[in-house]
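Okay, structure first, notes after.
All values below come from the heavy atoms of this structure, side chains included, with hydrogens, waters and symmetry mates left out. Just so you know, these numbers come straight off a predicted model, no measurement behind them. Quick note: residue numbers are just sequence positions, from 1.
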Amino acid sequence: MSDAPASFENVLETSLYHDSSQRAEIESFYSQTLGLRLVSSWPDGLAFRVGAGVLLLFDRQGVARRDGPIAAHGSTGPGHACLVAHSHGYEEWKRRLAERGVEITHEHEWDSGRRSFYFQDPAGNLLEIADGDLWPG
């Protein structure tokens, strides 16, 4: 028997957090501005499909009031997530966000030749859109 752990296929869920008062704005931003499909919602959370994974947006105060081990998460400050837009859609995303008044705070060209740009959601989470996989395989 090998001592090496079994490998993983992908990341299923990524969680970001917002304040209770921001739910409507967050839902609109992710569904309307980013065009993500809402696949589930509950009193303190929203789930948006992104490719094979899901981006979870939790009400920070709501999660803190939950009991049980699956509620043992959260953050007090902004989080980060990077979305991949194939290279042909990268410039389109920059235009779309600018048209909706979203400020691009930084753009970076990586040593690999890939590019990404950064912006914030209404809760201050730092989002990034890359034109491909930024990490070694």
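Expressed to the nearest 0.5 Å, how far CZ of F58 lies from CZ of R23 amounts to 10.5 Å. For the atom pair CG of L56 and CD of E13, the computed distance is 4.5 Å after rounding to the nearest 0.5 Å.
The two atoms that bring E27 and S31 nearest to each other are O-OG, 2.7 Å, heavy atoms only. Closest non-hydrogen pair, A52 versus L12, comes out as O-CD1, 4.1 Å. Heavy-atom minimum distance, V54 versus A47: CG1-CB, 3.7 Å. Listed here is the closest heavy atom pair of P78 and G124: CB-O, 3.1 Å. Heavy-atom minimum distance, G35 versus R96: N-NH2, 3.9 Å. The shortest heavy-atom contact between E25 and P122 is CD-CB, 3.4 Å.
The side chain to side chain donor-acceptor pair (under 3.5 Å) search around H86 returns none, not counting sequence neighbours. In this structure Q120 satisfies the side chain to side chain donor-acceptor pair (under 3.5 Å) test with no other residue, sequence neighbours excluded. With sequence neighbours left out, the ring pair (Phe, Tyr, Trp, His ring centres under 6.0 Å) criterion links H80 to no other residue. The side chain to side chain donor-acceptor pair (under 3.5 Å) check on S116 picks up W110, E128, with sequence neighbours excluded. Shown here are the side-chain contact (heavy atoms from CB on, under 4.5 Å) partners of V84, two or more places apart in sequence or in another chain: there are none. Residues that satisfy the salt bridge (charged side-chain N to carboxylate O under 4.0 Å, His left out) test with R60, not counting sequence neighbours, are D19. Every side-chain contact (heavy atoms from CB on, under 4.5 Å) that R65 has, sequence neighbours left out, goes to Q61. Residues passing the side chain to side chain donor-acceptor pair (under 3.5 Å) test with D44 are W42, R66, sequence neighbours excluded.
Within 6.0 Å of the CG atom in N10, the count of heavy atoms belonging to other residues, nucleotides or ligands exceeds 12.
Through side-chain heavy atoms spaced under 4.5 Å, either directly or across other Ile, Leu, Val, Met, Phe, Trp or Tyr residues, F48 is tied to L16, I26, F29, Y30, L34, L36, L38, L46, V50, L55, L57, L83, Y90, W93, L97, V102, I104, F117, F119, L127, I129.
Proximity of the aromatic rings of H73 and Y17 is defined here by a centroid distance below 6.0 angstrom, and this criterion is met.
The salt bridge (charged side-chain N to carboxylate O under 4.0 Å, His left out) contacts involving residues 78-94 comprise E91-K94, E91-R115, K94-E107, where partners must be two or more places apart or lie in separate chains. Applying the salt bridge (charged side-chain N to carboxylate O under 4.0 Å, His left out) rule to pairs touching residues 81-90 yields nothing, sequence neighbours excluded.
Linking Ile, Leu, Val, Met, Phe, Trp and Tyr whenever their side-chain heavy atoms come within less than 4.5 Å leaves V11 and L126 in two separate clusters.
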